[in-house]
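Since the structure comes first, as structure tokens, the remarks are kept for the end.
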Amino acid sequence: MKNMITIYYSKDFYLHAPPRGGYHPENPSRLDIVLTALRENGFEKNIIEVREAEPKVAVRELLSKIHDNSYVEYILRLCEQGFEGYLDGDTYVCKNTCRAALKAVELTAIATEHALEKPSELFFVLPRPPGHHAGASGSAMGAPTLGFCIFNNIAAGAAYARLKGFKPILIIDVDVHHGNGTQEIFWSNPNVIHIDLHEWGIYPGTGSVDDIGGKGAEGTKVNIPLLPGAGDEDYIYIFLKLVEPLIYAIKPRLIAVSAGFDAYAGDGLAYMRLTEKFYEFFGKTLYDISKALGVGVVAVLEGGYSIGLRNGLPAVLKGFSKPEYTRPSLESVKPSENVKNVVDKVVRMLRPYVAI
Ligand SMILES: [Zn+2]
């Protein structure tokens, strides 16, 4: 039997669209790319278009756990005023943005609820706008912009799980950009572990190995910055050597994934060289860990703009749902020297705080 996957989306996610019909890489056609790819890869029956969301979620209360009220009110006011334009050099708002962004938070919370109830199942949300660059009060950790994000969906999922009393919560971010918003929001929170693999030298410019969490939360923020050009074997090595042992040491009660696909080779916004090989491995790894720990997985779409969405996202689902898939061994993969050095440095930074 195939392992269980449920994919949630809402028609409201199409409503967040670039002002005046202009071009922007983060646009509603991304959702079409994803839905088409899912159908073509045999996942149509796993997709649920949510109209009446259950259970009911107090979205504003949830947002108050992760964002300053003044920021939330600022965004809501823009929508009420019918604002159509750019908040910064990257990030647009249109009059329906809030409807989409609030629904994104709501569906993430609902998917989280289901993941908390169902060990070793995957609940995957396809929200727009994305969220991981949105910090407590807007752009995070000194980043120049909000990076296409409005409200931080994955942070809302983690906050929802905390409200329900679960800890620790694990967030894994494999989007090619650093999840600076997520990291800022949970910087001093020891109950939310954040592991982030990202390309170094591009937006948002944060995510150094040395950043391991604020006072009282040291060792709960794990940054794995990588040089441009890192590929499947580099990422697989990082997971087998570092991420997986770390997760088993942490024993999270929920696995939350910031699932970006812009590290896929040729996706367009960065210079990593991942293919289906890594994403299928990643899906299987999520399944194996969730099964071993008896916890559920919630995943939220972040970036990914073309081929990454088409090939990377279905590959994660295939890896998760295919019991016969065999993962490569640590001995069989050949990472670059740089990647080995980064892993060694991260381990040295974490050793005083985590048993790895
Ligand atoms: Zn990204």
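Whatever order the structure lists them in is the order used to number ligands and atoms, beginning at 1. As the structure is a prediction and not an experimental result, all values here were calculated from the model.
The nearest N/O/S atom of His177 to the Zn ion (ligand 1) is ND1. Within Asp262, the N, O or S atom lying nearest to the Zn ion (ligand 1) carries the name OD2. In Asp175, the N, O or S atom that comes nearest to the Zn ion (ligand 1) is OD1.
For the residue pair Asn96/Tyr14, the side-chain donor-acceptor check at 3.5 Å is not satisfied. The closest side-chain donor-acceptor pair between Thr97 and His16 falls under 3.5 angstrom. Side-chain contact of Asp262 with His177: a donor-acceptor pair under 3.5 Å is present, judged by distance alone.
Heavy-atom neighbours of Arg162 CZ from other residues, nucleotides or ligands within 6.0 Å: above the threshold of 12.
Look at Glu302 and the Zn ion (ligand 1): no N/O/S atom of the residue is under 2.8 Å from the metal. The Zn ion (ligand 1) has no N, O or S atom of His132 closer than 2.8 Å.
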Asp175 and Ser258: side-chain hydrogen bond (donor to acceptor under 3.5 Å, both in side chains), yes or no, with the steps?
CA-CA 7 Å; Asp175 187 280; Ser258 261; over 6 Å; no

